[in-house]
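For this chain, numbers begin at 1 and follow the sequence in order. Because the structure is a prediction, the values reported are computed rather than measured.
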Amino acid sequence: MTAVEGKRVFNDPIHGHVELHPLLVKMINTPQFNRLRYIKQMAGAYFVFPGACHNRFEHSIGVAHLAGELIHTLQQNQPELGITERDKLCVQIAGLCHDLGHGPFSHLFDQMFIPKARPNIKWEHEENSVKMLDYMVRQNQLEPVMEEYGLKLPEDMEVIKEMIRGKKPEDRGEGSNEGRPQDKFFLYEIVANKTNGIDVDKFDYFARDCHHLGIQNHFDHLRFFRSARVIKCPDGLMHICSRDKEVHNLYAMFYARCSFHRKACQHKTNKLIETMITDAFLKADKHIMTEGSGGESYCLSEAIDDMQAYTKLTDRVFEDILFSSSEQLRDAKNILHRIITRDLYKCVGKLETGTEFPQERISGWKEEVESVWKNSFGETKDWLKAENFTFVAVKLDYERKDKDPIGEVFFYSKSDNKTAFNIPRDQVSKLLPERFSETFIRIYCKKNEQLAVAKQHFLEWYQKNSYKILKGGDPEIIARVG
């Protein structure tokens, strides 16, 4: 890369010595970015995998590094693309700041807690990453520094935000005035690739999470970098393409992602602990207050609306609840105490659905189960009430929901590196899976008294609904819908 005075070197356990632009270093040295030191990368996995103690801070530095490496490779190999130093800096900033909007325990906060605490809003952490970036730049007077290093504001800020959000091909119409011409659409595929899911965010967390969990990572992102090439594709956009011989490696990457989620992110005990933390946060929601702008206080679920308050919100809320003497936090505290003393909810059953079920259907099941037990006992025992059971939906896929992920990847051949094409499924292998996603429901019992009886009545509920019993006995009853 072009020499820039003031670069700093970070010794990263995954990528080795990482050299970052001085503007990125200034962003790292802000309270808003340093907040990521205190947010676990893998939410509750630390309670299951002792090595999973890494945070969003180092992951974000890793993504910034890989973003810079990939765009530098493209610039060197294809000077005709006209990649400028502004482009490179925008991509690196997007990589660095893409996770600024994560809440306590990362995806637990935005995928489990907020949907239950504020069911009437649609909220994703990427949108708060954009808000936090604005707040960080404003609070630390970074605009003059950004312009000093060649960025044009506000145009380049909008480009960085779009790179963080990710841009779908169908959203990129002619006449766009978002700061980059149509022939630079590929810039939006480096950090958050909405075209096919192949991006440097994924490359870093594959390597980093596997390293800390002690799981082998079989995907080599450096090999992908070597074959990456930007070509105008049949949809009229400039996409990052791969050599046709890489198709099996990319399938392996998506399979590795699914396998990693099965082994770690969706691990039975991990999801159970995350469910318990979510329950505790919900009980504590209105009693954990954080001061924001104008001296106004925000509860746990409302802090996402004010960046000054959100800056103070980290995983520390777990300890705030656990060591609180407040009577209002007693129930939440008891749940967290059960986690650290390993008095966990128990899994009494697993229901394989094959397709995604709406949350309303899952809520209805809880009432059905209580009704079955009431008919059996003549009354509903306290420990058998629906509120004492949690139905947790788990979905595993190859990134593109139920679609074949390679169907949206463009390739080129050795003999013609200027023509992009898709590779039909039947030309790849006869051994590919027929389906690329699966959904199942785990049922957890919050009270462990009479657990054997609870399992027996779940079995009765399965049979009443004509669900096929696949396996009986401990640790769980497994049934399949249909």
Side-chain angles (χ1 to χ4, degrees), residues 1-10 12 15 17-34 36 60-100 126 129-167 172 176-193 199-201 204 225 228 230 238 240:
M1 292 185 183
T2 305
V4 178
E5 186 179 351
K7 282 192 173 185
R8 294 291 182 268
V9 176
F10 296 78
D12 184 74
H15 307 301
H17 289 92
V18 171
E19 191 176 57
L20 293 183
H21 191 284
L23 176 56
L24 272 67
V25 176
K26 287 184 179 295
M27 290 182 164
I28 290 170
N29 294 332
T30 63
Q32 292 73 31
F33 190 86
N34 267 267
L36 299 181
S60 297
I61 291 175
V63 174
H65 165 68
L66 291 182
E69 292 295 297
L70 178 52
I71 195 168
H72 177 67
T73 300
L74 295 174
Q75 184 187 48
Q76 293 293 105
N77 293 344
Q78 295 181 265
E80 70 275 11
L81 294 174
I83 297 173
T84 66
E85 293 304 307
R86 281 175 59 205
D87 294 333
K88 291 166 66 175
L89 196 49
C90 285
V91 168
Q92 287 177 290
I93 292 171
L96 185 74
C97 299
H98 78 288
D99 273 348
L100 284 177
E126 289 87 354
S129 293
V130 168
K131 290 181 182 178
M132 188 65 84
L133 173 61
D134 269 335
Y135 180 70
M136 178 178 75
V137 169
R138 187 171 63 252
Q139 288 295 110
N140 298 280
Q141 295 83 47
L142 292 176
E143 293 98 333
V145 185
M146 297 172 79
E147 291 176 332
E148 177 186 337
Y149 286 109
L151 294 185
K152 294 182 179 179
L153 304 181
E155 177 184 318
D156 284 342
M157 273 292 285
E158 290 308 310
V159 170
I160 293 166
K161 291 175 186 177
E162 288 302 318
M163 289 177 178
I164 291 172
R165 293 186 181 104
K167 199 74 178 169
R172 184 73 175 179
S176 171
N177 59 358
E178 292 161 351
R180 290 299 183 272
Q182 196 82 340
D183 60 1
K184 286 192 175 180
F185 180 79
F186 64 90
L187 294 174
Y188 297 91
E189 297 182 325
I190 294 175
V191 174
N193 189 341
D199 53 46
V200 297
D201 178 27
D204 184 83
F225 285 6
V230 175
M238 301 289 280
I240 298 175

Open item on the list: Any side-chain to backbone donor/acceptor pair from E143 onto L153? Under 3.5 Å, distance only.
Closed with: no
- [ ] Could you walk me through whether V63 and V200 pass side-chain contact (heavy atoms from CB on, under 4.5 Å), step by step?
- [x] CA-CA 6 Å; V63 174; V200 297; 3.9 Å; yes
Task: Side-chain heavy atoms of I164 within contact of V191, under 4.5 Å - done: no
Open item on the list: Once rounded to the nearest 0.5 Å, what's the spacing between atom CD of Q92 and atom CD1 of I190?
Closed with: 10.0 Å
Open item on the list: Could you walk me through whether E155 and R180 satisfy the salt bridge (Lys or Arg N to Asp or Glu O under 4.0 Å) test, starting with their C-alpha distance in whole Å, then the side-chain angles of each, then the deciding distance to 0.1 Å, before giving a yes or no?
Closed with: CA-CA 9 Å; E155 177 184 318; R180 290 299 183 272; 3.6 Å; yes
TODO: Could you check if a side-chain atom of K26 sits within less than 4.5 angstrom of a side-chain atom of R8, using non-hydrogen atoms only?
DONE: no
TODO: Quickly, which of D12, L66, I28 forms a side chain to side chain contact (heavy atoms under 4.5 Å, CB included) with I61? Name it, please.
DONE: I28
Open item on the list: Measuring from atom NZ of K88 to atom CG of L74, what distance do you get when rounded to the nearest 0.5 angstrom?
Closed with: 10.5 Å
Task: Interatomic spacing from CD1 in I160 to CG in L187 - rounded to 0.5 Å - done: 11.5 Å
Open item on the list: Quick check for you: to the nearest 0.5 Å, what is the distance between S129 atom OG and K161 atom NZ?
Closed with: 12.0 Å
Open item on the list: Please enumerate all residues that pass side chain to side chain contact (heavy atoms under 4.5 Å, CB included) together with E148, with sequence neighbours excluded.
Closed with: none
Task: D204 versus H15, side-chain donor and acceptor atoms under 3.5 Å - done: yes
Task: Residues which pass side-chain hydrogen bond (donor to acceptor under 3.5 Å, both in side chains) with N140, listed by chain and number, not counting sequence neighbours - done: Q32
Task: Over all atoms of both residues, closest heavy-atom pair of F185 and K167 - done: CZ-O, 3.5 Å
Open item on the list: With no hydrogens and no angle check, just 3.5 Å: does a side-chain donor-acceptor pair link D201 and H98?
Closed with: yes
TODO: Measure the shortest side-chain to side-chain distance between C97 and M136 over non-hydrogen atoms and say whether it is less than 4.5 angstrom.
DONE: yes
Open item on the list: Any non-hydrogen side-chain atom of L151 less than 4.5 Å from a side-chain atom of M157?
Closed with: no
Open item on the list: Keeping D87 on the side-chain end and T84 on the backbone end, is there a donor-acceptor pair under 3.5 Å?
Closed with: yes
Task: Point-to-point distance, once rounded to the nearest 0.5 Å, from CG of D156 to CE of M146 - done: 7.5 Å
Task: Under the ring-ring contact (aromatic ring centres under 6.0 Å, His included) test, residues paired with F186 that sit two or more places apart - done: none
Task: Nearest heavy atoms of A67 and V91, plus distance in Å - done: CB-CG1, 3.6 Å
Open item on the list: Is there a side-chain contact (heavy atoms from CB on, under 4.5 Å) between H65 and H17? Walk through the geometry before answering.
Closed with: CA-CA 10 Å; H65 165 68; H17 289 92; over 6 Å; no
Open item on the list: Run the side-chain contact (heavy atoms from CB on, under 4.5 Å) test on I93 and M163 for me, step by step, so that the C-alpha distance in whole Å, both residues' side-chain angles and the decisive distance to 0.1 Å come before the verdict.
Closed with: CA-CA 9 Å; I93 292 171; M163 289 177 178; over 6 Å; no
Open item on the list: Show, in sequence, the C-alpha distance, side-chain angles and deciding distance for V9 and E19, and conclude whether the side-chain contact (heavy atoms from CB on, under 4.5 Å) test is met.
Closed with: CA-CA 4 Å; V9 176; E19 191 176 57; 4.3 Å; yes
TODO: If the plane angle is over 60° it's perpendicular, under 30° parallel, otherwise tilted; pick one for Y149 and H21.
DONE: perpendicular
Open item on the list: So, taking the atom named CZ in F225 and the one named CD1 in I240, what distance separates them when rounded to the nearest 0.5 Å?
Closed with: 9.0 Å
TODO: Please report the shortest heavy-atom distance between E189 and D199, naming the atom on each side.
DONE: O-CB, 3.9 Å
Open item on the list: So does Q76 get a backbone contact from the side chain of Q78, meaning a donor-acceptor N/O pair under 3.5 Å?
Closed with: no
